[in-house]
Each structure stands twice: as structure tokens, then as C-alpha cells.
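As C-alpha cells, the structure follows; a few thoughts come after it.
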Amino acid sequence: MTTKIARRVWDGFFKVDVVNFQGRNWEVIKATPAICLLLYNKTRDNVILITQSRASMISAKKQTGIMTEVVAGRLDKDGWTPQQIASNEAWHEAGVKILTEKIFLLNNGKPVASSAGITNELVYYGYGEITDDDVDFGKAIFGDPKEGERITRHFFTIEEFENHVCDTLSTFALKYWFLHKRFLDNQTKK
């Protein structure tokens, strides 16, 4: 079975190719891999999520495009590991310092296709435990204003996190992985 790129129809941050596959043309969005990181604060027994406006999510029903999600970033820095990107994004998006060696990659470190029917994007899922000493409590707004980012950090109790209705697949996946891990950890302690 041969796959042939018929033409590139967009060449920006994302690339869109028309690919001939199985005798038919498909539009495929090409993206750099990403890392999504769930941060758990052991001092307070809570989880850190962020909110920011996402242009792709603006609609008549959701005019601000505000999403609540885990810290995330693209692997767009040459030579950087997923853990290095995650550590950088944790500081940039949530004011949290976490060493790369404290970031555990799920799925044996193998990235997961985010939506294989439309994009080649692969996502690494990570988890990191921190304490209050790792959190910059002096800041309320995060992100890069030059990139139009205005990110706020939120601390969710475990009960709030259990009841949180997720906006993103990454947050949903990491939430249920974390709750399962927590359940197994509690079973082991008994």
C-alpha cells in the first residue's frame, strides 16, 4: 500500500497535506509532538490545572474559548526531551518548578496518537509530584503576553478533581490515570 502526498495546502505552525491513501485523497494535519503534564502537590493533597483561552475552541456557545486543562507544550525545541519541555511549561504556565527527573512518563514513555483519523500528532503523558516549596505563590497570571497568553493556575482538591468535568482529552486521560493510581496506592497501604 503506497501513500503519496498529493500537495501541501497549508504551511504554517501546522502543515496540512492532501495525501492519497487507499485510492482516495485525505487532508492530514501535520503537528509536532506534545507533552501534557499532571502536577500533584503532596503538601496540600491537590492537583494543579490551568485555564486559558483557546482560539480553536471559540464558538457561538463558548465565546471566550476558555478551557481548563493540564500544563502542556509542544516538543518544538531541538534536542529537548519531553520531560525538559514539561518542566519548562510547568514554570511558564503554572509557576511550578519541577526537575525533569521528577517527571514520570506514562505508557512506558511512548506517545499516543491524539486523533489518528485527522492528524499525526503524538502526545506524551506525564505526571509529577511537587510540594509547596516548588510553587511560586507570588504570581497570579502566567504565560507569555507576547504570545497572547493569559493563563491562570487553579488548585483542585482531590474531591473537586474527581467531580471535575474535563474540557480536554488530555486532562480526562490524566485525571482517570491519577484516580486509578491513587486507588491502587490506597489499596497497597491497607
Side-chain angles (χ1 to χ4, degrees), residues 10 12-16 29-41 43-77 82 85-98 103 106 111-130 132 134-180 182:
W10 181 257
F13 181 77
F14 294 105
K15 319 257 182 257
V16 180
I29 300 169
K30 305 285 183 146
T32 56
I35 173 96
C36 297
L37 177 67
L38 180 64
L39 294 165
Y40 169 68
N41 185 336
T43 307
R44 296 172 185 242
D45 191 29
N46 65 22
V47 170
I48 296 174
L49 297 179
I50 59 171
T51 56
Q52 63 181 315
S53 184
R54 297 292 199 175
S56 61
M57 299 311 297
I58 294 173
S59 67
K61 290 183 179 180
K62 195 168 189 151
Q63 294 181 2
T64 62
I66 296 285
M67 305 293 287
T68 301
E69 55 195 334
V70 294
V71 167
R74 296 245 164 242
L75 276 69
D76 55 3
K77 292 178 175 60
I85 295 290
S87 175
N88 186 61
E89 292 298 325
W91 179 250
H92 174 75
E93 293 185 347
V96 172
K97 287 184 183 176
I98 184 166
I103 296 172
L106 282 60
V112 178
S114 66
S115 184
I118 192 167
T119 180
N120 73 338
E121 179 188 47
L122 296 174
V123 179
Y124 291 88
Y125 289 98
Y127 171 74
E129 293 184 354
I130 60 164
D132 274 355
D134 303 313
V135 180
D136 177 359
F137 287 102
K139 236 175 131 178
I141 305 296
F142 302 91
D144 186 349
K146 289 179 260 162
E147 293 181 12
E149 292 179 327
R150 184 176 170 77
I151 302 170
T152 55
R153 173 186 62 209
H154 305 275
F155 299 93
F156 282 71
T157 66
I158 301 306
E159 183 179 352
E160 289 168 335
F161 192 49
E162 285 175 344
N163 295 313
H164 175 67
V165 177
C166 299
D167 290 333
T168 69
L169 179 58
S170 295
T171 305
F172 180 82
L174 285 167
K175 170 185 169 178
Y176 283 97
W177 174 86
F178 173 79
L179 294 174
H180 180 71
R182 192 170 173 90

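Worth saying up front: this structure is predicted, and the values here are computed from it rather than measured. The basis for the numbers below is simple: all heavy atoms, side chains too, and nothing from hydrogens, waters or symmetry mates.
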Looking at [X] and [Y], what are the two nearest heavy atoms and their distance?
X	Y	result
A94	R153	O-NH1, 2.7 Å
G128	L37	N-CD1, 3.8 Å
G126	I35	N-CD1, 4.3 Å
P82	L75	CG-CD2, 3.7 Å
A86	I103	CB-CD1, 3.8 Å
L169	S114	CD2-O, 4.2 Å

Any chance the rings of Y127 and W177 have centres within less than 6.0 Å?
yes
Look only at the side chain of K97 and the backbone of W91, and say whether a donor-acceptor pair between them is shorter than 3.5 Å.
no
Side chain proximity check, [X] to [Y], heavy atoms < 4.5 angstrom:
X	Y	result
F156	N163	no
Y124	I85	no
L106	L174	yes
T152	I141	yes

Strictly below 4.0 Å, N to O, side chains only: are R182 and D45 in salt-bridge contact?
yes
So does R74 pair up with E121, basic N to acidic O under 4.0 Å?
yes
For residues 64-72, please give each side-chain donor-acceptor pair under 3.5 Å, one per line with the distance, not counting sequence neighbours.
from: T64; atom 1: OG1; to: I66; atom 2: N; distance (Å): 3.3
from: E69; atom 1: OE1; to: R54; atom 2: NH2; distance (Å): 3.4
from: E69; atom 1: OE2; to: Q52; atom 2: NE2; distance (Å): 3.2
from: E69; atom 1: OE2; to: R54; atom 2: NE; distance (Å): 3.0
from: E69; atom 1: OE2; to: R54; atom 2: NH2; distance (Å): 3.2

What distance separates [X] [atom1] from [Y] [atom2], expressed to the nearest 0.5 Å?
X	Y	atom1	atom2	value
L38	T171	CG	OG1	8.5 Å
F14	K30	CZ	NZ	13.5 Å
L49	F155	CG	CZ	10.5 Å
H164	H154	NE2	NE2	10.0 Å

Give a yes or no on this: more than 12 heavy atoms of other residues, nucleotides or ligands lie within 6.0 Å of atom CD1 of I158.
yes
Taking atom CD of E159 as the centre, does the number of heavy atoms from other residues, nucleotides or ligands within less than 6.0 Å exceed 12?
no
Partners passing side chain to side chain contact (heavy atoms under 4.5 Å, CB included) against R44 (at least two apart in sequence or in another chain)
N41, N46, D132, F137
Option from N88, I151, I48 for which side-chain contact (heavy atoms from CB on, under 4.5 Å) with E93 holds:
I151
List the residues meeting ring-ring contact (aromatic ring centres under 6.0 Å, His included) with F142, not counting sequence neighbours, and say none if there are none.
none
